[in-house]
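In what follows, chains are A, B, ... by sequence order, proteins preceding strands, each numbered from 1.
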There are 2 protein chains.
Amino acid sequence: MVPADTRPRRRADAERSIARIVSAARDCLSRDPDATVDDIAKAADVGRMTIYGHFRTRPELVEAALADALQAGEQMLVGVDLDGDAQQAMNRLLASSWSLVAESAALLTAAQAVLPAGRLRELHTGAADRVEQLIRRGQEQGVFRTDLPITWLVNAVHYLLNGAAEETRLGRLDPASTADVVTATVQAVLATPPANDIHPPR
Amino acid sequence: MVPADTRPRRRADAERSIARIVSAARDCLSRDPDATVDDIAKAADVGRMTIYGHFRTRPELVEAALADALQAGEQMLVGVDLDGDAQQAMNRLLASSWSLVAESAALLTAAQAVLPAGRLRELHTGAADRVEQLIRRGQEQGVFRTDLPITWLVNAVHYLLNGAAEETRLGRLDPASTADVVTATVQAVLATPPANDIHPPR
DNA sequence: TGCAAGTCGTACAGCCGCATACGAGTTCGG
DNA sequence: CCGAACTCGTATGCGGCTGTACGACTTGCA
């Protein structure tokens, strides 16, 4: 909604520095939500002072990193065909973007600690909404379950992606097969359960 | 394995203080892994110094809290019948202990930050192993899926429990129905998938 | 080529959390 | 009821991270 950045007046190398910094911030914060400004500077191969030259405070940097990741998500979504069978659409979506979503989710928790709650939801709502709509369409098609709150389904997928990313990071999951594992698991969570195999509570 | 505590020589009120402290530590750390020693002291309604009278360092306190939670888990397990149909056994297990497991999981991440990796696994292995064995039995019975790594299945359950706990904490999930939601979701993850409804990768 | 923009190191202040020291008051337990 | 165990406040040192200040050096750009 903002026309562009308020400051188009930046030099080319500064632009490059900022890109490296934001990229490094995404990297570091996804791994450790408490990553230091200094850590990020080292990862970006930049002096700490350079960072403060572009971002006043650490929260501001975190927000920039999150915004960047979310924007990358946007661009990924436009390249994925979300029409047709919702189940297959979800598979396509996961195949192309599960790792990004997982990264963003970790980043999100990093941001949660330093950004005001409202600001955060404001940034992140868009992405979550799209997933929710896809699930809703799957429900209307009868392929996704309707017996659980849709909010839970959306977030459960998030938690699973997060988990898969962490398992991979820890070497407990083969990176090559992570995508398939994630897809299969999410499919199981969302699929309409076989009618009466569910044991009623109590 | 340790006979008892190395110090049976403690006064009654000290015993009470310790209990309150450990309990408060479990509470605080489950909510915020970065909870301060002072926070915990306030929650336990004790002076900060009293804590240092019983626990030399913060990590030592965290370990005590985790150990306490795990021991509570042990006691919960002995009361649950794990024989018979693995699916129903898992349901029973979740019904009686999902919240405890979820709390311990949050505590676990708190501990992960301050305890050496080896020490942590040493404490926590027991619990995870039991879940793994139950899943393995379900696989032999044919009710649980075998097409995904068992390590992933175990941890996926953990991540889901964690997520459910957080959703409940944030008020996005009705506390009364959380247990059912968890049960249904875990069941979906573990169940043997309908033979050929799975779209092969690519 | 020359100036402004950008980079980067060092140094410093402020804050916060951990942990220790000391000392006085309180409570258990024999 | 007396001594030891326990509680608890205050003060203090230490270390790490944030954010600011200054100054020198390099680099884009017109």
Side-chain angles (χ1 to χ4, degrees), chain A residues 4-25 27-29 31-66 109-116, chain B residues 4-25 27-29 31-66 107 109-116 119:
Chain A
D5 255 317
T6 46
R7 305 281 161 77
R9 320 213 153 217
R10 264 186 313 212
R11 244 169 52 182
D13 61 342
E15 209 81 46
R16 245 179 301 133
S17 284
I18 293 181
R20 284 227 308 278
I21 291 171
V22 171
S23 168
D27 242 54
C28 294
L29 291 173
R31 267 191 286 274
D32 174 16
D34 296 328
T36 299
V37 174
D38 201 62
D39 294 337
I40 297 172
K42 278 181 175 54
D45 197 37
V46 183
R48 193 169 66 98
M49 302 321 302
T50 304
I51 290 186
Y52 280 106
H54 297 293
F55 306 92
R56 268 184 236 230
T57 72
R58 186 176 175 281
E60 201 167 301
L61 172 58
V62 173
E63 178 171 334
L66 180 60
T109 67
Q112 217 144 11
V114 291
L115 294 186
Chain B
D5 255 317
T6 46
R7 305 282 163 77
R9 320 216 154 218
R10 261 185 317 211
R11 244 170 50 181
D13 61 340
E15 207 82 46
R16 245 179 302 134
S17 285
I18 293 181
R20 285 228 307 280
I21 291 171
V22 171
S23 168
D27 243 54
C28 294
L29 292 173
R31 265 191 287 275
D32 174 16
D34 295 328
T36 299
V37 174
D38 200 63
D39 294 337
I40 297 173
K42 276 180 177 54
D45 197 39
V46 233
R48 196 168 62 96
M49 302 320 302
T50 304
I51 290 186
Y52 280 106
H54 297 292
F55 306 91
R56 268 181 234 227
T57 72
R58 186 176 176 282
E60 200 167 302
L61 172 58
V62 174
E63 178 171 334
L66 180 62
L107 233 175
T109 67
Q112 216 144 11
V114 290
L115 294 187
R119 184 92 189 99

Without decimals, in angstroms, what is the distance between B/Y52 OH and C/dG17 P?
11 Å
Phosphate oxygens OP1/OP2 of C/dG6: is one of them under 4.0 Å from a side-chain N or O of A/H54?
no
Gap between atoms CZ and P, on B/R48 and C/dA19 respectively (whole Å)
9 Å
Looking only at heavy atoms, what is the nearest atom pair of A/L29 and A/A65, with distance?
CD1-CB, 4.4 Å
Quick check for you: name the first and last nucleotides of DNA chain D, 5' to 3', having an atom under 4.0 Å from a heavy atom of chain A.
D/dC17 to D/dC29
Taking only side-chain N and O atoms of A/S17, does any of them lie within less than 4.0 angstrom of OP1 or OP2 on C/dT7?
yes
A/M49, nearest nucleotide to its side chain (from C/dT7, C/dG9, C/dT20):
C/dG9
Let me have the donor-acceptor pairs involving side chains of residues 34-45 of chain A, under 3.5 Å, with sequence neighbours excluded, atom names and distances please.
residue, atom, partner, partner atom, Å
A/T36, OG1, A/D39, OD2, 3.4
A/D38, OD2, A/K42, NZ, 2.6
A/D39, OD2, A/T36, N, 3.0

Out of curiosity, A/L61 CG to A/E63 CD, how far, rounded to the nearest 0.5 Å?
10.5 Å
Taking side chain as C-beta onward, heavy atoms only, is B/I18 less than 4.5 Å from B/F55?
yes
A/F55 CZ to C/dG6 C1': how many Å, rounded?
14 Å
Just the rounded figure in Å: distance from P of C/dG17 to CD1 of B/I51.
14 Å
I need the CG-C1' distance between A/D38 and C/dG9, as an integer number of Å.
12 Å
Could you tell me the separation between the CD1 atom of A/I51 and the CD atom of A/E60, rounded to the nearest 0.5 Å?
12.5 Å
Annotated protein contacts, base or backbone, on nucleotides 25-30 of chain C with a non-hydrogen cut-off under 4.0 Å, one of B, S, - each
--BBS-
Is the shortest heavy-atom distance from the side chain of B/R16 to the side chain of B/D13 under 4.5 Å?
yes
Mind checking the CZ-CG spacing from B/R31 to B/D27? Nearest 0.5 Å is all I need.
4.5 Å
